[in-house]
Protein chains: 2
Amino acid sequence: MRPTVHDIAAEAGVSLATVDRVMNARPGVREKTRLKVEQAIEKLGYVRDVAAANLAKGRSYPFTFILPCNDNAFMAELRSAVIQADARGRVERTRITIVDVPAFDAEALADALLAAGESETAGIALVAIEADPVRAAVRSLTERGIPVVTLVSDLEDSTRDHYAGVDNPSAGRTAATLLGRFLGPQKGTIGVLAGSLSVRDHQNRFDAFSEAMEAHFPGLAILPPMEGRDDASRARQLVSKALAENPDMIGLYSLGAGNRGLIAALEEARENGREVVTIAHELSPHSRAALESGLFDVVLNQDAGHEVRSAIRVLKAKADGLPVIAAQERIRIDIFIKDNLP
Amino acid sequence: MRPTVHDIAAEAGVSLATVDRVMNARPGVREKTRLKVEQAIEKLGYVRDVAAANLAKGRSYPFTFILPCNDNAFMAELRSAVIQADARGRVERTRITIVDVPAFDAEALADALLAAGESETAGIALVAIEADPVRAAVRSLTERGIPVVTLVSDLEDSTRDHYAGVDNPSAGRTAATLLGRFLGPQKGTIGVLAGSLSVRDHQNRFDAFSEAMEAHFPGLAILPPMEGRDDASRARQLVSKALAENPDMIGLYSLGAGNRGLIAALEEARENGREVVTIAHELSPHSRAALESGLFDVVLNQDAGHEVRSAIRVLKAKADGLPVIAAQERIRIDIFIKDNLP
DNA sequence: CTGTTAGCGCATTCAA
DNA sequence: TTGAATGCGCTAACAG
């Protein structure tokens, strides 16, 4: 049997309460006594049973997740990941309230942040939008000691405690390398479809993609980026038009959402005997099908479940004043081709 | 506050014990009473606190992991993943004993299995070797109701309860697609370096790789596979020799361990102005460096941590007689290039 | 068939 | 400065 508080109390010749005081670094213990207890802990190799501790504490962590009412597949998955995390949360004693805000609406997001700050909350996660009102709201929260983490999309120059999302420049470079190598010696132009370049992660992906492309694949020229606003019909139009206007376009990097429209445009092109090497983001039923049918060549993915779990771990650590191990919270970029689909 | 057993006992007008019996599907409850309790559970939206339940049960799951004393990086990581899992095991009440066996020794493995079966164990995980004594040992365990899962390497035609490892044919196909696409229109031959083709996972990878290659990239011919026994110096010799003898060799798939020797051979070749597109398995400090220096183009990886955690989840489920959700336990093949390294 | 009762390992009043 | 006692939510003897 593993040692319990009783064992170390007996070993140190003190009571449970004293042991507890030492363990939780609370005042009211003589230096001598504390030493005895610490030695007993060391000697018996005691480690506290977190589950039992939480049970006794009865403490729970009411977190708030502010999510945009976007109807794309990725946001749906993110939302479902949050719900699942909440369901599993009984053990960890976390409780999550989801707050919906209109997409791309900085004012609404800022308001939601402030409102969440007024409610009983142990920490807040948000999909950030780069805007001053949002930065101000975040500042007011962190100043009151409420932990704040950005999820999926970061907020630069802000006081947020942590960013739980992928390294977007790395994603852009990954796309560049794969596209360049798949195209090999071919020369031509490359189309880029973004949601909006005023969104930080899209901008970051694009910059890194361009830079890597220019550096390593001089035979491939990048066309001016299209902005599809993550909207299917708009994306479809833009891509169709680009294909028509650029007969030398042999590659396409779609770095935002709105894959449905893109897929429609590619299907149409294929019927006309036109194929371009395509890399898109986020695995969903649609993009998966596109991968299997060869319309997409690669899908880069961020695992929404990982991001949510990481956000929760960090919020909890911050709420408890504990440090976070950065390396462990790093979110990877998954590469999928048709052969390694999960 | 969430409802507790007390609340539902009150609501149903019965005692705690009865509630407990219903919840754990134990006998000795009248159908009528059971219904009342179930309705109360439904009505109050009760979900049991697993942590508290485990605490009260005091049950622990003493598992045994049988690992080969291989000194390669992957096995080291696997071992460390097991140790970490054990450390986290306090909450889940799992305790893991690691048993070491000589690598590639079927008799020793079989003996270790039987010995583990004699000790107090709630389940056993093993890195399997395809051999009849092993199959027999596994059978004797499963017949006694001890859950057995294979880890990393499977045991076909056996009574093991589950395989926690990657889909090796899928890995082989992934390698074929990437190699073929990276080489593009080039024609030439492809070398294959295996550990031993008598190991099931290596054989599976090779078969799928060959098949996909022939089907989709007819311009690339596969050379007879080399068997490096996961040994560095042997691998180095084999690869150097193959490079010398096959001037038209433009690609290489290393599907086993022993990357150090391979890297040495590739470095030597590079100094002589020779480069081949290379895909290897398992991310380690060595393979990572090779990726960064361009000696490796792609590394396929199985996440040892995932495999271990999955094995534990399955063992626990089997020990409790619960079903496992196959889709959730599927181990992915990670693709790494220099740009998406974690 | 059902209820009472005593813990699991820990945190926390309230006394001493 | 320290200790005894009580309870968190649940399970499992042991009675009835």
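All values below were derived from every heavy atom in this structure, side-chain atoms included, with hydrogens, water molecules and symmetry-related copies excluded. Lettering of chains follows the sequences in order, A, B, ..., and the numbering in each one begins at 1.
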Which of these nucleotides, [options], is closest to any side-chain atom of [X]?
X	options	value
A/K57	C/dT12, D/dC10, C/dG9	C/dT12
B/S15	D/dG9, C/dC10, C/dT4	C/dT4
A/V29	C/dT2, D/dT2, C/dG9	D/dT2
A/V14	C/dA11, D/dT1, D/dG3	D/dG3
A/A56	D/dT2, C/dT12, D/dG7	D/dG7
B/R30	C/dT4, C/dC1, C/dG9	C/dC1
A/D49	D/dA4, C/dT2, C/dG9	C/dG9

Starting from [atom2] on [N], measure out to [atom1] on [X] and report it in whole angstrom.
X	N	atom1	atom2	answer
A/M23	C/dC10	CE	C1'	7 Å
A/R48	C/dC8	CZ	C1'	16 Å
A/N54	C/dT12	CG	P	11 Å
A/K36	D/dG3	NZ	C1'	13 Å
A/I8	C/dG9	CD1	C1'	12 Å
A/L16	D/dC8	CG	C1'	16 Å
B/N24	D/dG9	CG	P	18 Å
B/D20	C/dT4	CG	C1'	14 Å

Select from A/A52 and B/A17 the residue whose nearest nucleotide in DNA chain C is closer to the 5' end of that strand.
-> B/A17
Return yes if a side-chain donor-acceptor contact under 3.5 Å exists between [X] and [Y], otherwise no.
X	Y	value
B/N70	B/R79	no
B/R139	B/T159	no
A/S60	A/R95	yes

Could you tell me whether B/K43 and B/D7 make a salt bridge, using a distance below 4.0 angstrom between a side-chain N and a carboxylate O?
-> no
Side-chain N,O ([X]) to OP1/OP2 ([N]) below 4.0 Å:
X	N	answer
B/R26	D/dT11	no
A/T18	D/dT1	no
B/T4	D/dG9	no
A/R21	C/dA11	no

Do other residues, nucleotides or ligands put more than 12 heavy atoms under 6.0 Å from the CD atom of A/E42?
-> no
Return the 5'-most residue of the pair A/L55, A/P27 with respect to DNA chain D, ranking by each residue's nearest nucleotide.
->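 Whichever sits nearer the 5' end wins; that is A/P27.
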Base, sugar-phosphate, or nothing: which does B/G58 touch, judged by heavy atoms less than 4.0 Å apart?
-> nothing
Among A/D20, A/T4, A/N24, find the residue that satisfies the side chain to side chain contact (heavy atoms under 4.5 Å, CB included) test when tested with A/R48.
-> A/N24
